[in-house]
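Structure first, commentary second.
Lettering of chains follows the sequences in order, A, B, ..., and the numbering in each one begins at 1.
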2 protein chains.
Amino acid sequence: MAGIEEVARRAGVSAATVSRALSGRGHVSSATRERVLEAAADLGYVVSSSASALATGRMRNVGVVIPFLNRWFYGAVVEGAESALLAQGYDLTLYNLGGSVDERRSVFEHFLLRKRVDAVIAVSLELTADEVQRLHDMRKPMVGVGGPLPGVRTLSIDDIAVSRLATEHLIGLGHRRIAHIGGDPSIEMDFHLPTNRRIGYLEALSAAGIPSDPTLFHPGDFTMQGGHAAAKQLLGAPRDRPTAIFAASDEMAIGAILAARDLGLDVPRDVSIIGIDDHDLAEFFGLTTVAQYPMLQGRMAVDVLMTELHPAHPQPDSLNTPLPYDLVVRSSTTRPDASRG
Amino acid sequence: MAGIEEVARRAGVSAATVSRALSGRGHVSSATRERVLEAAADLGYVVSSSASALATGRMRNVGVVIPFLNRWFYGAVVEGAESALLAQGYDLTLYNLGGSVDERRSVFEHFLLRKRVDAVIAVSLELTADEVQRLHDMRKPMVGVGGPLPGVRTLSIDDIAVSRLATEHLIGLGHRRIAHIGGDPSIEMDFHLPTNRRIGYLEALSAAGIPSDPTLFHPGDFTMQGGHAAAKQLLGAPRDRPTAIFAASDEMAIGAILAARDLGLDVPRDVSIIGIDDHDLAEFFGLTTVAQYPMLQGRMAVDVLMTELHPAHPQPDSLNTPLPYDLVVRSSTTRPDASRG
DNA sequence: CTGAAAGCGCTAACAT
DNA sequence: ATGTTAGCGCTTTCAG
């Protein structure tokens with residue numbers, strides 16, 4: 001529990017010098033710095049974050065707000081953000097807003113605003129204009145991951161382009177009866193993500209001159225179960241069974257693969273299946289998918305915050321930074337069976 | 001950015017009274033409290049956590065240290081802890097020590113000890129005696145989840161009893177050739193968990209007078225892939241194929257189910273499979289398992305910390321609190337096929 | 001390059 | 001029940 005004063009005494013300097021030597025701010029002769037460092041090490045001294053924060057106004061802590069923790073995507077984003085923050089000497093305080101609306105308000109009122117964090121990363125969260133405004137008023141940098149937030153710097157993939165790419169892969173292989181398992185548009189959690197992915201699918205079809213067929217759409221709920229149930233419906237159709245399925249997430253795509261197997265269909269011979277994500281399990285299931293990189297997304301969010309926190313270089317003028325994605329072809333897609341209609 | 005002084009002026013009282021009214025410590029007439037609350041609300045006042053922490057020595061923040069984030073068990077523990085902490089007005093700072101040893105030391109040296117947290121929850125982490133000692137020296141309450149930490153209050157399931165129960169379920173159904181997919185004992189991550197689970201398995205066999213057969217053990221790595229590979233080996237045996245498999249985790253058990261399907265075997269008719277966890281996907285796969293409750297474990301860890309942080313009732317003298325577990329029978333286990341040996 | 005001194009915004013005795 | 005008065009442990013002008 002050594003304090004700065006003790007270190008100062010031991011090094012034969014003043015507390016001010018210790019502070020300068022340890023923080024790197026201000027000039028200290030290297031000889032003095034040595035002595036201070038040694039004294040601090042001997043005493044096992046560590047600055048009190050509260051005292052330091054009170055004096056500087058900086059907490060060296062960022063809040064990460066997510067709607068779920070136990071879903072692959074969110075966990076990975078947090079993981080990426082955590083390691084990037086750690087490397088910068090920042091802590092990560094986690095707010096899981098999955099719960100009730102009350103819990104959500106509570107976080108805003110009593111925590112984020114409690115001057116506990118220097119900045120916030122909002123993952124796939126639709127903040128109200130009021131909430132954004134308050135953060136703005138407190139001059140807290142904020143970055144959104146996963147969708148455009150009004151007036152906020154965000155990182156997001158182009159959901160329309162991603163699903164167009166996935167659909168085009170199937171079309172390129174020769175498929176024309178392509179089903180889509182998407183989200184329930186009435187439960188628009190993340191920024192119209194389900195809608196955007198469906199739009200990309202429809203765009204690709206229409207660009208290829210393939211008429212869209214509403215019976216080829218089934219909502220899932222982004223879980224394996226949901227994808228399984230939807231695929232059962234799609235693949236159990238007595239006639240005009242789709243030759244390919246594009247699922248809006250890998251978990252749903254895996255559910256679809258299992259549904260096909262349950263029905264005795266071979267993937268990809270009888271039906272090609274593609275997802276989005278490059279989930280941990282995608283490789284195991286041989287799933288063709290469009291990869292997005294959530295850990296990278298977490299890291300990039302931190303980078304953005306750091307440039308806002310330590311303004312040095314001019315900031316890019318565009319609020320939204322597009323995120324990378326790639327088609328990863330594995331063994332769940334192939335050309336449609338020529339012997340079938 | 002209103003400060004306590006402004007609130008005091010607006011309410012016509014002193015800063016001390018505002019502090020008392022807002023924190024609930026000390027007596028304030030209800031009329032005064034009303035005025036203070038209103039003034040604070042009008043000004044959008046929130047206490048500065050750093051100032052408050054500096055004055056009280058309490059951060060209202062607990063550190064959670066985990067080895068992985070993106071595994072069902074850990075995510076769930078964190079989720080449980082987070083919501084319990086939030087309810088108590090505490091924040092959760094996350095330290096993911098999955099990375100390098102350097103990262104791990106860095107966390108200890110510069111973060112946990114930086115007086116940033118009031119207490120720490122260590123999930124499935126083997127801390128060195130030295131690390132435990134340092135936390136102790138700083139008088140930081142600590143609770144371990146998932147295994148006994150030397151001299152630390154811990155919550156853990158009885159791994160031996162759990163796997164004995166799983167194995168006994170199989171024996172009770174009439175199985176005698178029971179294989180086990182466990183962890184690689186040479187990579188003892190979590191507190192000899194793989195070893196303990198194997199011990200429980202062996203105990204159950206021996207209690208039933210069934211000789212153990214080393215060829216019926218295969219290491220997995222607690223992933224679906226690992227379970228799949230191990231089960232392939234086990235079930236592909238040309239003779240004396242096991243009639244049942246006990247996997248030390250649900251993810252491995254699910255991998256085993258998929259392996260059985262790949263081989264054209266029916267679960268449970270040709271082979272019964274049981275796991276441990278009650279993973280999110282267990283129900284979907286109809287997996288019989290021994291449930292443990294990680295969210296509950298996170299919540300309980302918080303409860304323990306709270307009683308240490310606010311000593312009121314006498315503490316239990318036993319350092320270890322056993323955690324509940326239950327056999328959940330679904331459709332992946334049945335009696336062995338009588339027509340086979 | 002270093003030291004002295006004045007806070008940062010709150011809380012907790014101690015008075016009243 | 002409320003006000004006064006010291007700090008909590010650091011950082012940062014301002015001098016020297």
query: Hey, are B/Asp91 and A/Tyr95 close enough side-chain-wise for a donor-acceptor pair under 3.5 Å?
result: yes
field: Within 45° cone and under 6.0 Å: B/Arg71 NZ/CZ vs B/Phe73 ring
entry: no
field: Reported OG1-to-CE distance for the pair A/Thr154 and A/Met142, which is rounded to 0.5 angstrom
entry: 10.5 Å
query: For the helix from C/dC1-D/dG16 to C/dT16-D/dA1, what angle lies between the axis at the first five pairs and the axis at the last five pairs, to 10 degrees?
result: 30°
message: Within the 3.5 Å criterion, strictly below it, is a donor on B/Thr32 or B/Ser29 matched to an acceptor on the partner's side chain?
response: yes
field: Whole-Å gap separating C1' (C/dG3) and CZ (A/Arg9)
entry: 16 Å
field: C/dT2 OP1/OP2 closer than 4.0 Å to side-chain N/O of A/Ser29
entry: yes
message: Please report the distance, rounded to the nearest Å, between CD in A/Glu6 and P in D/dG9.
response: 10 Å
Hey, what are the protein-to-nucleotides 9-12 of chain C N/O distances that come in under 3.5 Å?
| from | atom 1 | to | atom 2 | distance (Å) |
| --- | --- | --- | --- | --- |
| C/dG9 | N2 | B/Ala51 | O | 3.3 |
| C/dC10 | OP1 | B/Tyr45 | OH | 2.7 |
| C/dC10 | OP2 | B/Ile4 | N | 2.5 |
| C/dT11 | OP2 | B/Ser19 | OG | 2.5 |
| C/dT11 | O5' | B/Ser19 | OG | 3.4 |
| C/dA12 | OP1 | B/Arg58 | NH2 | 3.3 |

- request: Could you tell me the separation between the CD atom of A/Glu34 and the C1' atom of C/dC1, rounded to a whole number of Å?
  value: 16 Å
message: For the CD atom of B/Glu79 and the CG atom of A/Asn70, what is their distance to the nearest 0.5 Å?
response: 5.5 Å
Any side-chain donor near an acceptor of the partner, B/Asn61 and A/Thr93, under 3.5 Å: no
- prompt: Between B/His27 and B/Arg20, is any pair of side-chain heavy atoms under 4.5 Å apart?
  reply: no
task: Report yes if at least one side-chain N or O of A/Ser14 is closer than 4.0 Å to OP1 or OP2 of C/dG3; otherwise report no.
output: yes
task: Would you check if there is a donor-acceptor pair between the side chains of A/Ser156 and A/Asn320 at a distance under 3.5 Å?
output: yes
